[in-house]
Every structure is written in structure tokens, then in C-alpha cells.
Amino acid sequence: MSNKSRKKLTLVTGAGGLLGYAIRQLAPKDTDYITRSDGDLTDFAKTKKIFQKIKPNQVIHLAAEVAGIGGNMMHSGKFFRDNIMININIFEAARINGVDKLISFMSTCVFPDKCKYPLNEKDIQSGPPHPSNFGYAYAKRMLEVQSAAYRKEWGCNFIVAIPTNIYGENDFWNLEDGHVVPSLIHKCFLAKKNKEDFIVWGSGRPLREFVYSQDVAKLILWAIDEYNEESPIIFTNSKESSIKDLVDLVVREVGFKGKVIFDSTKPEGQFRKPSDNSKLKKYLPNFKFTPLDKGIKNTVEWFIKNYPNVRM
Ligand code: GFB
């Protein structure tokens, strides 16, 4: 945490991760960042202290317990408990310290498993989420409820965004718990280094909408200033790619020449979760998302340059 005495405008929580890294490249100077080492946000007294010290006007609340499909299946209790506690504490500390605006984040895995496509902001609570991440998904769904309740009783301008599958520099590169993009880049890199097969989970057929962290960071900085609706907003280019498409890009960028094996004993999660970006397009008709091949190229370059000093 910065210890300069000037008044801070914006506080970014969970700033040590993927989106925190992207926001740091773009955010205005009056921004303060906290990471896990600044205090345990599941503890209300510690959270309150941080807010009293920094006195932010705005909060970009990224802090969360997150993981890919493997981590979600292993830790449904922890992910439910910790995310609920963090969000309760952050919202309350923000309210009692007079924060003007707070943006928090869900993910498209919060949507019902059986839902009409494309997923729309209106459908979040209309059925149970996919079993692979129900603990995380139910905790994150409460952000919509919490924001609406705080607006209603206390007039807080708290908003919620829903990015789809985010990837980019400074991701979490764990082979078992990471999201698909960082895990596959790391696995492919190791397969090349150790002259082994490159093992991919599942059939490669599931579809995802990958969004580059730098694009999401731009959208967050727009939303904290300009988006004021109670209803959440989905951040996506609405462009689906299969896991196989992703594998091909990773293989090309890593320069892997060996054998790729799709391991059907591993989990696949939801088959697809195509999302409606018409609300985003209404606000930002000219916003250009980074194409997946360019984003993967940048991400692989970053990983290779920083390995082994990466989060994993
Ligand atoms: O990123 P991921 O774990 O998230 O991607 P989800 C899972 C998809 O990628 C599945 C395939 O179809 C997997 O079979 N996959 C292939 C792999 N190889 C790998 C690998 O090495 N690691 C991983 N992780 N997947 C998450 C939710 O779901 O989406 C989270 O669990 C969060 O809660 C996130 O919301 C955005 O898209 O399946």
C-alpha cells in the first residue's frame, strides 16, 4: 500500500492479480492498490482500517478467491465462504466511509446452467449454476443482490460488471487450479522444455468467450466513471472460440512441435456460455476488443519472459 499522505481517489482491491496488473498500466495517478499482503479482507476490522486509512472516493473491487474449473471443483466451500465474507466486508466498509462509487465483478459462470442463449444480464438468478462451480457462483451472484440492496436503502451507486473468460499478463499459472489459458500456456511450455506430450483436459470442443485483461481494464475504467445502472453489464466481444482453437494458438506461439493429447477423463465444465453484449454495444458501439491471436501472443511472450518468477 502506498503511504503517501495525499488523498486517494480510487482504491483497487485484489490488485496483485491479472486485472490489477492491467489496470495499473492505465489507471489515473490518484489510484491506490491493495493486495493480499495489505490485509485479510475476510476480516471486517482489518478491512475497515484499510478504508479509514486510504479514504477512497471510488472502489474497483477485484479481490476474490478465484480459480479455473479444477480449483472450483476442489474448493466449493472455501470459495463460497471467502467470497461472501470479502464482499460483505468491502461493501460495508465502503458504505460507512462514504465511497461514491464501487464496481464489483461476477463472471459468466454465475448464470444458470440451463438457460436460454445468449446469456443476458436479466437472467442471472433464474436457475441453479453449473455444479462445477456452484459455491463460487452463488457467492458471486450475491453481488447483484448486495448492490441493489445498498442502492435501495442507502443510495450507494454500486455497480456490477460481468466479464467472460479473462486472460492476459500476470495471470495465475498453476497447472491444476489455474484457468484454461494460463494453465495451457504453462503446460505447453513445460511439454516443449521437457520434450513431452502436451496434455489438454477434455475433448477440446467446449466453447468460451475469451477477453483480454487490457480490454477489460479499459472497460472497468469507463464503467467506474460512466455506468450507473443497477442492473449488471456483461463485458464481452460475444465471440466464441473452442478450447481446440485456443490450443492451436498456444502451440503456435510457444513453438511446440510435439504431440497434443486430449484427455477425456478430465472435466469439461459447461459446454458453452455465449453472452449478450448488446448493452455494452449500446454504450460503447465503437469499442474494439483485441483479437484472441494477438492477446495470446502477448500473453505467451510475457510468460516466457517472466518464467519462473510468475504466480503459480
Ligand atoms: O478456464 P476454465 O477452467 O474455466 O476452462 P470455465 C475450463 C475449460 O477448459 C474446460 C478446458 O472445458 C476444460 O476441459 N481445459 C483444457 C482446461 N485444459 C485445461 C487446463 O489445463 N486447465 C483448465 N482449467 N481447463 C470457470 C469457472 O469455468 O470460468 C470459474 O470455474 C470462473 O468460476 C471462470 O467463472 C471464468 O470457463 O470452465
Side-chain angles (χ1 to χ4, degrees), residues 14 17-19 62 64-80 82-83 104-113 119 124 128-143 160-168 171-191 196-213 216 232 234-236 240-251 254 256 260-275 292 296 299 303 312:
L18 170 68
L19 277 178
L62 303 174
E65 283 297 337
V66 300
I69 190 168
N72 264 284
M73 289 171 73
M74 293 271 292
H75 305 297
S76 54
K78 177 177 167 54
F79 281 15
F80 180 80
D82 290 358
N83 285 308
S104 62
F105 301 90
M106 297 199 264
S107 146
T108 46
C109 70
V110 308
F111 281 95
D113 181 27
L119 302 172
I124 295 167
H130 191 268
S132 62
N133 56 221
F134 77 101
Y136 175 83
Y138 273 121
K140 283 282 186 175
R141 276 188 189 186
M142 285 303 114
L143 286 170
V160 185
I162 311 177
T164 54
N165 285 62
I166 311 168
Y167 70 94
D171 210 332
F172 176 59
W173 308 85
N174 188 279
L175 300 174
E176 298 300 320
D177 283 354
H179 286 107
V180 60
V181 174
S183 291
L184 286 186
I185 291 173
H186 192 176
K187 283 175 187 172
C188 188
F189 171 84
L190 292 178
E196 288 167 356
D197 294 340
F198 172 28
I199 315 281
V200 178
W201 293 356
S203 64
R205 288 175 48 248
L207 302 167
R208 296 292 183 267
E209 291 177 2
F210 295 108
V211 283
Y212 189 34
S213 53
V216 178
I234 298 177
F235 289 165
T236 184
E240 287 184 295
S241 305
S242 70
I243 302 299
K244 169 79 169 61
D245 297 334
L246 173 67
V247 166
D248 291 345
L249 290 173
V250 169
V251 162
V254 172
F256 176 70
V260 180
I261 293 180
F262 290 88
D263 179 355
S264 59
T265 65
K266 294 291 187 187
E268 294 218 307
Q270 271 170 289
F271 179 64
R272 61 190 294 236
K273 27 191 176 179
S275 310
L292 185 60
I296 293 295
T299 306
F303 176 77
M312 58 183 165

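As the structure lists them, so they are numbered: ligands from 1, and atoms in each ligand from 1.
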Check contact between A137 and ligand 1, using heavy atoms of the residue and a distance below 4.0 angstrom.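 In this structure, A137 fails to qualify as a contact of ligand 1 - no heavy atom is under 4.0 Å.
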Would you please determine whether S132 falls within less than 4.0 Å of ligand 1 on a heavy-atom basis? no
Hey, are the side chains of [X] and [Y] touching, using non-hydrogen atoms and a 4.5 Å cut-off?
X    : Y    : result
N133 : F79  : no
P163 : F105 : yes
R208 : I243 : yes
I185 : D171 : no
N165 : K273 : yes
W201 : K187 : yes
L190 : E196 : no
S241 : L246 : no

Atoms of ligand 1, numbered as shown, that sit under 4.0 Å from any heavy atom of [X]:
X    : value
S107 : 32 (C), 35 (O), 36 (C)
K187 : 20 (C), 21 (O)
S183 : 20 (C), 21 (O), 22 (N)
P267 : 13 (C), 14 (O)
N72  : 27 (C), 30 (C), 31 (O), 33 (O)
K273 : 6 (P), 28 (O), 29 (O), 37 (O)
P206 : 12 (O)
C109 : 30 (C), 32 (C), 33 (O), 35 (O)

Among all protein heavy atoms, pick out the one at the shortest distance from [atom]; state its residue, atom name and that distance to 0.1 Å.
atom                    : result
atom 3 (O) of ligand 1  : I69 N, 2.8 Å
atom 34 (C) of ligand 1 : H179 NE2, 3.4 Å
atom 24 (N) of ligand 1 : G178 O, 3.0 Å
atom 2 (P) of ligand 1  : V180 N, 3.7 Å
atom 10 (C) of ligand 1 : E268 O, 3.1 Å
atom 27 (C) of ligand 1 : N133 OD1, 3.3 Å
atom 37 (O) of ligand 1 : R208 NE, 2.7 Å
atom 4 (O) of ligand 1  : N165 ND2, 3.9 Å

Could you work out, for atom 19 (C) of ligand 1, the closest of W201, F198, F134 by heavy-atom distance? W201
Is the number of heavy atoms from other residues, nucleotides or ligands within 6.0 Å of CZ (F134) greater than 12? no
Any N/O pair I243/ligand 1 closer than 3.5 Å: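 For ligand 1, there is no N or O atom that lies under 3.5 Å from one belonging to I243.
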Polar proximity ligand 1 side, T164 side, N/O cut 3.5 Å exclusive: no
If you take the centroid of each ring, where Trp contributes its six-membered ring, are F303 and H186 closer together than 6.0 Å?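 Yes: the rings meet the under 6.0 Å criterion.
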Is it true that F80 and Y136 have ring centroids separated by less than 6.0 Å? no
May I ask you to decide if P112's main-chain N or O and H130's side chain share a donor-acceptor pair within less than 3.5 Å?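 No; judged by distance alone, with no hydrogens or angles, the pair does not exist.
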Main-chain N/O of S203 paired to E268 side chain as donor or acceptor, under 3.5 Å: yes
If you measure from each non-hydrogen atom of Q270 to ligand 1, which part falls under 4.0 Å: side chain, backbone, both or neither?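 Within the 4.0 Å criterion, Q270 makes no contact with ligand 1.
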